[in-house]
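What follows is a short report on a single structure.
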Amino acid sequence: MSLFRKSLASLGIGSARVDTVLPQGVLIPGEPLEIDVQVHGGKVEQQIDNIYLFLCCHYEEEVETSRGDSQHRKEKVTQTCRLAEWSLPYSFAIGANEERHFDVSLALPFNTPITIGDSHVWLETHLDMPLAFDAKDKDLLTVRPDPLLDGVFSALELAGLRIRQVECEAAKGFELPFVQEFEFVPVSGPYHGRWRELEVVVFRDESGLQMWFEIDRRQRGFSGMLSGLLGRGELERFCEIPASLHPQQAGERVLAFLDQTT
């Protein structure tokens, strides 16, 4: 019976499993992510070579493709980015029906995407087990803006702007291989009738916020163009917000900047 159970465990039946418990319901970029990794033993004792944690997100990248002819086309491809990772520095054995806990603190990068619209962030947990199917767990995360960026978004909302679309687009010259673009539309207030839409790219570090803006007054939008303009250095509207500012002051500074440059 023991041999049979070991054979089943190697196929993933009655094998050890892993659960990831996150005490925090809402996460903020730049703050630590506290994780309780729970390993539950199966029907037999098993060796665990390692535990891996991967903090991931998707972003879109335009790549050249060829369909067998001489013409090259650009198509959007969904890529996966590992924002952060962790692994257990030692192996261990998990007994039958045993339960073990591992406390992990993972630094959430400053530019972890805000989970709005099509932007998703998740945590993958893998158990590396020799001669067996690796067990894994996947948890979708809720990421909200840090106070400084939240102050900017609140000011834009009070000025009558609403978020219509949020995307992560490939871009060069940044810490991560992408930037997150926020598309706003004016539904009321001073910009209604003046702008068709406002696109914003934000880069965050310990010193504060760096923000790029593009305003569209045409009848046709430019969705997806901002990251390309940014990569070519063609964006003229750039604003820096120091981390020392109060969130309300950050919002007021951005509105003042937009009034001066538009």
Side-chain angles (χ1 to χ4, degrees), residues 1-59 78-116 118-150 168 175-178 180 204-206:
M1 179 62 74
S2 177
L3 180 60
F4 179 65
R5 284 183 175 177
K6 287 182 179 179
S7 297
L8 288 176
S10 68
L11 297 173
I13 303 172
S15 178
R17 62 183 178 86
V18 62
D19 289 324
T20 308
V21 178
L22 305 172
Q24 302 149 277
V26 176
L27 308 175
I28 304 296
E31 295 185 359
L33 169 58
E34 305 299 335
I35 306 165
D36 176 18
V37 180
Q38 302 176 0
V39 181
H40 305 273
K43 300 297 184 182
V44 295
E45 181 181 277
Q46 287 180 280
Q47 181 70 22
I48 309 296
D49 281 352
N50 214 326
I51 302 175
Y52 297 99
L53 291 176
F54 302 116
L55 182 68
C56 304
C57 72
H58 282 147
Y59 67 96
T78 300
Q79 308 282 17
T80 299
C81 176
R82 287 184 179 174
L83 301 163
E85 56 186 81
W86 174 90
S87 63
L88 191 69
Y90 57 86
S91 61
F92 65 96
I94 185 79
N97 300 315
E98 183 185 359
E99 183 175 308
R100 295 190 62 174
H101 292 253
F102 299 88
D103 293 325
V104 179
S105 183
L106 196 64
L108 203 64
F110 273 119
N111 293 287
T112 299
I114 308 305
T115 53
I116 309 174
D118 294 329
S119 297
H120 301 289
V121 177
W122 69 92
L123 184 69
E124 293 182 6
T125 310
H126 296 255
L127 281 187
D128 184 6
M129 298 181 289
L131 303 177
F133 285 107
D134 291 348
K136 57 185 177 181
D137 188 28
K138 181 178 178 178
D139 298 273
L140 286 174
L141 307 179
T142 300
V143 183
R144 292 293 179 253
D146 67 276
L148 201 62
L149 183 57
D150 189 56
C168 293
E175 181 182 28
L176 297 173
F178 67 89
Q180 191 171 29
R204 180 75 160 92
D205 59 20
E206 292 183 356

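- With sequence neighbours left out, Phe110 forms a ring pair (Phe, Tyr, Trp, His ring centres under 6.0 Å) with no residue at all.
- Within the 3.5 Å criterion, the main-chain N or O of Ser91 finds no donor-acceptor partner in the side chain of Gln47.
- Scored by the side-chain hydrogen bond (donor to acceptor under 3.5 Å, both in side chains) test, Glu98 finds no partners at all (sequence neighbours excluded).
- Residues forming a side-chain contact (heavy atoms from CB on, under 4.5 Å) with Asn97 (at least two apart in sequence, or on another chain): none.
- Here the CG atom belonging to Leu141 is positioned 6.0 Å from the CG atom belonging to Leu123, to the nearest 0.5 angstrom.
- The backbone N or O of Ile114 sits less than 3.5 Å from a side-chain atom of Gln180, completing a donor-acceptor pair.
- Using a distance-only test at 3.5 Å, with no hydrogens or angles considered, no donor-acceptor pair links the side chain of Arg82 to the main chain of Cys57.
- Within the 4.5 Å cutoff, the side chain of Val18 has heavy atoms near those of the Val37 side chain.
- Taking CG from Leu55 and CG from Leu33, the interatomic distance works out to 7.0 Å, rounded to the nearest 0.5 Å.
- Ile51 places a side-chain heavy atom less than 4.5 Å from the side chain of Leu127.
- Rounded to the nearest 0.5 Å, atoms OG1 (Thr20) and CD (Glu124) are 10.0 Å apart.
- Between Val143 and Ser119 the shortest side-chain heavy-atom distance does not fall below 4.5 Å.
- Side-chain atoms of Asn50 come within 3.5 Å of backbone N or O of Leu88 as a donor-acceptor pair.
- Taking Arg100 as the reference, nothing meets the side-chain hydrogen bond (donor to acceptor under 3.5 Å, both in side chains) condition, with sequence neighbours excluded.
- Evaluation of the side-chain contact (heavy atoms from CB on, under 4.5 Å) rule for Ala107 yields no partner, not counting sequence neighbours.
- One distance of note links CD of Glu34 with CG of Leu27; it measures 10.5 Å at 0.5 Å rounding.
- Counting all heavy atoms, side chain and backbone alike, Glu85 lies closest to Leu106 at O-CD1, 3.8 Å.
- Atom CG of Asp139 has more than 12 neighbouring heavy atoms from other residues, nucleotides or ligands inside a 6.0 Å radius.
- Within the structure, ring pair (Phe, Tyr, Trp, His ring centres under 6.0 Å) contacts touching residues 78-106 (residues at least two apart or in different chains) are Phe92-Phe102.
- Atom CZ of Arg204 is separated from atom CG of Asp146 by 4.5 Å, given to the nearest 0.5 angstrom.
- Between the NE2 atom of His58 and the SG atom of Cys81 there is a distance of 10.5 Å, given to the nearest 0.5 Å.
- Summarising the geometry of Cys56 relative to Thr80, their closest heavy-atom pair is CB-CG2, 4.2 Å, with the distance given to 0.1 Å.
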